[in-house]
Amino acid sequence: MGRHAEIARALAMRVKAAKLKSDGAALGDESLKAEGRRRETAGRIARAEAGAARRTDRH
């Protein structure tokens, strides 16, 4: 997968996570909020890894 696609995928993961967290807050569902936090962390890690790959690919 290309760098831009990886970055876009990571951002999409974080958007989905934010929606889960807000839905969980609106419904008072702690499990939805927890899932949103887990996905947000995964998205943040994926974004950092995509950025690190970009820095190491330079010449």
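If you're wondering where the values come from, they're calculated on a predicted model, not measured in any experiment.
- Glu35 meets the side-chain hydrogen bond (donor to acceptor under 3.5 Å, both in side chains) test with Arg38, Arg39; sequence neighbours excluded.
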Could you list the donor-acceptor pairs under 3.5 angstrom formed by side chains in residues 9-21, with sequence neighbours left out?
from, atom 1, to, atom 2, distance (Å)
Lys19, NZ, Asp23, OD2, 2.9
Lys21, NZ, Glu40, OE1, 2.7

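- Across Gly24 and Leu32, no two heavy atoms sit closer than the pair CA-CB, 3.6 Å.
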